Amino acid sequence: MPVQETDPLAILRDRFTAAVRAAFPLLASETIDPLITPGKQAELGDYQSNVAMGLSKKVGKPPRDVAKAIVGHVDAAGLLEPLSEASIAGPGFINIKFSAPALAALISAMDAPSMGVPPATPTQTVVVDLMGVNLAKQMHVGHLRSPIIGDAVARVLERLGHRVIRQNHVGDWGLNIAMTTARIMRLVKEKSLSLETLTLDDLDKAYAAAQKECQRDMDGLKAAQHWLMGPKAIAELEAQVEGATAAFLDARQTLLRLQAKEPETYAVWRKIYSVTMKVCVDVCTMLNVNVTDEHTAGESSYADELTPMVDDLVKRGVAVLDQGALVVRLDEPGTPWSDRYGVIKEPCLIRKSDGGYLYATTDVCAVRRRVQKLGAERAIYVIDARQNLHLRQVYGASLKAGYSIHPTTKQPALLEHAAFGSVLGEDGRPFKTRSGDTVKLADLIQETFDRAGSAVRAKCAERNVSLTDADLTQTSRCVGIAALKYADLSTDRVKDSMFSFDRMLAFEGNTGPYLLYACVRIKNILRKAADEGAGSTWPSAAIAVQDHAEKQLALTLLRYPSALRATADALEPHRLCGYLYELAGAFSSFYDKCPVLAADSTAMRDSRVRLCSLTLRVLEDGLGVLGIPVPERM
RNA sequence: GUCCCCGUAGCUCAGUUGGAUAGAGCAGCCGCCUUCUAAGCGGCAGGUCGUGCGUUCGAAUCGCACCGGGGACGCCA
């Protein structure tokens, strides 16, 4: 069954486009955007059209005359209050008001399973790259934003009917991992570590230590060679770093054994892998982020494809040698890739002069798999803003290689970087504990839940709300998730965000808990309505939109589909947050002004209950898109 | 040096892709709970939208140049 169009924006766009064409037949061949927006001043109009000013020059008439001509041709029947010269304001704004019966009819139509959201056409296959975890490294605040934003982006696309494939591109391969694996194996052999009880903290320490022992002294050696200190000095240095060199050689051997899947080494790597991924999936579960093992596609899964791919690039002349390394040049202007991703002076490095591969190699390989095998028409990388140049290089190289040309549409897949800023502390510097350590993500989430729990308990005591233990647990989790996620999602993702327990758990104003509170108020009304025996009549009640607050609530509800679309188009969850905040605000005003259960008549009561129910459904649906669950009571 | 991002109220942030008198929330002040939970509602006050040119009917939004902050720039990932 097709979804009935209830979005005022779309309806008005149609009617005003028709009116402009009727008023100015000469424009027949042109595409017309009637520039409809929600009314800037609510007293003047629900919506407005700003088309007259722009058209003025084209048709050679003063803007107000243009507006007058358009107004004369608008079909307002069954929809709008009559338009007249009085609807024209200022230089030529046309103010539009919906009639109360029309609003009621639109709301009734919206009160369907789709909630007025038509499925996107055409439906796309979209890959969303999110998470960004590395093997053997503790998850910290830096890993907070990608899953939260990425999951919301994935969910909004799913909500619109797209086929979304989440990809957790785990950094689980390469020399660094081999260094750690080698060190773990040595520690196990020395019996200072047991594989059975291995924790991510153990791995984190081993990673740092391995990094240190392998690199520090190798750097010293390099520097010595660089400054031509002579064979004697180098020999001395080499002697000093004998142990380190041994560790480094061990790491290289281990990497080879890993590539060959040598059983003993591979088993240790698997263990490291499972310990890391356990924490990763646990964190996602705690946060209600939909990322599980099935979404994992680690760098290791590309390992066998790299050499053939690089050979292919060389054979076709896409990659060329430069100073011993293999690169893809991206600095020619006027190419399809430079048009999309910019003229980039720095070439994309695909193979080191020692024959080793780099992260760009794997990333290009990932683009190829995502487009060629997974069928992605769009791939979204929810990654730190600092990776921008790297990603543009990868996108450019992939297009130049033809890897991002979709196999069936033959069009380049849309490769997008949904960049986000850093998480800063309240001092404006990278978020750390008071002692200056990085904060473990699991700890940070737990602290959020604990604080949410005490806040919920305090509030319930203050408001005389009694919750069962089960309710308390559920509510605390919901409030914690809402506080944490909403704080992250409600601002422009590209900007740095300030992390503050106090602010996100403040519960006032534009916060997650405020939205949850609006939902809970509605749930209370619905429960009481059922208790009072109104449960069977209201779902089919005729909707009436009379009071000002009722009208504002109705108008806000009708904007839901376009809020979702704007969010999906820009990949900016904060647009949806802003909408939901406005909706919760419109409901709160309505709640204050319009008694529901104590309405003047049964008809009005049932109409209002239905309005409440739709509001709740939209709020819960929108919060669901943000990955925020709603409690029953709070 | 080149490139990317950011600069809006005391603080934290929006600003629907160029529209009317730039909006919220904190913090401050003033009202509203014997009626569906006051985690709420209504109101007051608070601004040279970093600066300067330009584009046009119209600029926080687009262009250029500066200023300030952050970031990235070949063999780490």
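Letters A, B, ... are given to chains in the order of the sequence lines, protein chains preceding strands, and every chain is numbered from 1. The model shown is predicted, which means the values in this text are computed figures rather than measured ones.
Contact annotation: A/K352 reaches the phosphate of B/C76 (side-chain N/O to OP1 or OP2, under 4.0 Å). Distances shown here put a side-chain N or O of A/K459 below 4.0 Å from the OP1 or OP2 atom of B/A39. At B/G74, none of the side-chain N or O atoms of A/H390 fall inside 4.0 Å of OP1 or OP2 (strictly under the cut-off). Applying the 4.0 Å criterion to OP1 and OP2 of B/C41, one finds that A/Y514 has a side-chain N or O inside that range. The phosphate of B/C75 has neither OP1 nor OP2 within less than 4.0 Å of any side-chain N or O from A/R351. The phosphate of B/A38 has OP1 or OP2 within less than 4.0 Å of a side-chain N or O from A/R521. Residue A/K528 places no side-chain N or O under 4.0 Å from the OP1 or OP2 atom of B/C36. Within the 4.0 Å cut-off from OP1 or OP2 of B/G42, at least one side-chain nitrogen or oxygen of A/S589 is found.
Salt bridge A/R493/A/D488: absent, no basic N to carboxylate O contact under 4.0 Å.
In the interface, the side chain of A/N95 is paired with the base of B/A20 through a donor and an acceptor atom under 3.5 Å apart. Scanning atom types as modelled, one donor and one acceptor separated by under 3.5 angstrom connect the side chain of A/Q48 and the base of B/A20.
Note on A/F420: nothing from the nucleic acid sits closer than 4.0 angstrom, heavy atoms only. Residue contacts shown for A/A455 are absent, as no nucleic acid heavy atom lies under 4.0 Å away. Residue A/A506 is out of contact with every strand shown, counting any heavy-atom pair closer than 4.0 Å. Here A/Q41 lies in heavy-atom contact (under 4.0 Å) with a base. The residue A/C594 sits close to a base: some heavy atom pair falls under 4.0 Å. Residue contacts shown for A/M53 include a base, since a base heavy atom lies under 4.0 Å away. Across all strands, A/L358 comes closer than 4.0 Å only to sugar-phosphate atoms, never to a base (heavy-atom distances). Residue A/A566 is classed as having no contact, given no heavy-atom separation below 4.0 Å to the nucleic acid. Base contact: A/P595 has a heavy atom under 4.0 Å from a base atom.
Two residues are said to be in side-chain contact when any heavy atoms from C-beta on lie closer than 4.5 Å; A/F248 and A/L175 meet this criterion.
One P atom belongs to B/A24, the other to B/G18, and the distance between them is 23 Å to the nearest Å. Spacing between B/A14 and B/G47 at atom C1', rounded to whole Å, works out to 15 Å. With both ends at atom P, the span from B/A65 to B/G71 equals 23 Å, rounded to whole Å. Only the C1' atoms considered, B/A20 is 16 Å distant from B/U61, to the nearest whole Å. For the C1' atoms, the distance linking B/C29 with B/C13 amounts to 23 Å, nearest Å. When the P atom is used for both B/C73 and B/A77, the distance is 13 Å, rounded to whole Å. Annotation: B/C5 and B/C30 have their P atoms spaced 46 Å apart (nearest Å). Nucleotides B/A9 and B/C49 are separated by 10 Å at their P atoms, to the nearest Å.
Nearest nucleotide to the side chain of A/T491, out of B/C13, B/U37, B/A39: B/C13. Distances from the side chain of A/V520 to the nucleotides B/G15, B/U37, B/A72 place B/U37 closest. Relative to the side chain of A/P91, the nucleotides B/G19, B/A39, B/C36 differ in distance, and B/G19 lies closest. Closest to the side chain of A/D592, from the set B/C41, B/U21, B/C36, is B/C41. Comparing B/A38, B/G19, B/A14 by their closest approach to the side chain of A/F93 singles out B/G19. If you check B/U37, B/A77, B/C26 against the side chain of A/E508, the one that comes closest is B/C26. Picking from B/C36, B/A39, B/G74 the nucleotide with the shortest atom distance to the side chain of A/Q323 gives B/G74. Closest to the side chain of A/S353, from the set B/G19, B/C75, B/A39, is B/C75. Checking B/A20, B/C57, B/A38 against the side-chain heavy atoms of A/K57 singles out B/C57 as nearest. Among B/G70, B/C57, B/U17, the nucleotide with an atom closest to any side-chain atom of A/R575 is B/U17.
Annotation: A/Y357 is not in aromatic contact with A/Y359 [ring centroid separation under 6.0 Å not met]. The six-membered or imidazole ring of A/Y381 lies near that of A/Y395, with a centre-to-centre distance under 6.0 Å. The distance between the ring centers of A/Y341 and A/H417 does not fall below 6.0 angstrom. Taking the six-membered ring for Trp, A/Y579 and A/Y560 have ring centres closer than 6.0 Å.
Its glycosidic angle being within 90° of 0, B/C33 falls on the syn side. Annotated as anti: B/U8, whose glycosidic dihedral deviates from 0 by more than 90°.
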Going through the distances and angles, do A/R386 and A/D384 end up as a salt bridge (charged side-chain N to carboxylate O under 4.0 Å, His left out)? CA-CA 5 Å; A/R386 286 173 295 195; A/D384 191 305; 2.9 Å; yes
Pair A/V117, A/R565 - check side chain to side chain contact (heavy atoms under 4.5 Å, CB included), show working. CA-CA 9 Å; A/V117 182; A/R565 253 193 310 276; 5.8 Å; no
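Nearest-nucleotide positions on RNA chain B place A/R559 closer to the 5' end than the other of A/T511 and A/R559. The residue among A/L44 and A/L389 whose nearest nucleotide of RNA chain B is located toward the 5' end is A/L44.
Between the side chain of A/Q48 and the backbone N or O of A/K40, at least one donor-acceptor pair lies under 3.5 Å. Here the side chain of A/D496 pairs a donor or acceptor atom with the backbone of A/S422 at under 3.5 angstrom.
Annotation for A/V596 and A/V609: closest pair CG1-CG2, 3.6 Å, computed over non-hydrogen atoms.
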Reading 5' to 3' and counting Watson-Crick or G-U wobble pairs with both distances under 3.5 Å, write the dot-bracket notation for RNA chain B, | for bases paired outside the strand. (((((((..((((.....[...)))).(((((.......))))).....(((((..]....))))))))))))....
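For the pair A/H574 NE2 and B/A24 C1', the interatomic distance rounds to 13 Å; values are reported in whole Å. Rounded to an integer number of Å, the gap from A/R386 CZ to B/G71 C1' is 8 Å. Atom C1' of nucleotide B/C13 and atom OH of A/Y579 are separated by 21 Å, given to the nearest angstrom.
A cation-pi arrangement is found for A/R521 relative to A/Y591, the charged atom lying closer than 6.0 Å to the ring centre and inside a 45° cone about the ring normal.
Side chains of A/S87 and A/N95: no donor on one and acceptor on the other come within 3.5 Å.
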Please write out the pairs of protein N or O atoms and N or O atoms of nucleotides 1-10 of chain B separated by less than 3.5 Å, giving the distance to one decimal.
residue : atom : partner : partner atom : Å
B/G7    : OP1  : A/K495  : NZ           : 3.1

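The aromatic ring of A/Y517 does not sit over the base of B/G40, since the test of centres under 5.5 Å and planes under 30° is not met.
Classification of the A/F501-A/F499 ring pair by plane angle, with boundaries at 30° and 60°, yields perpendicular.
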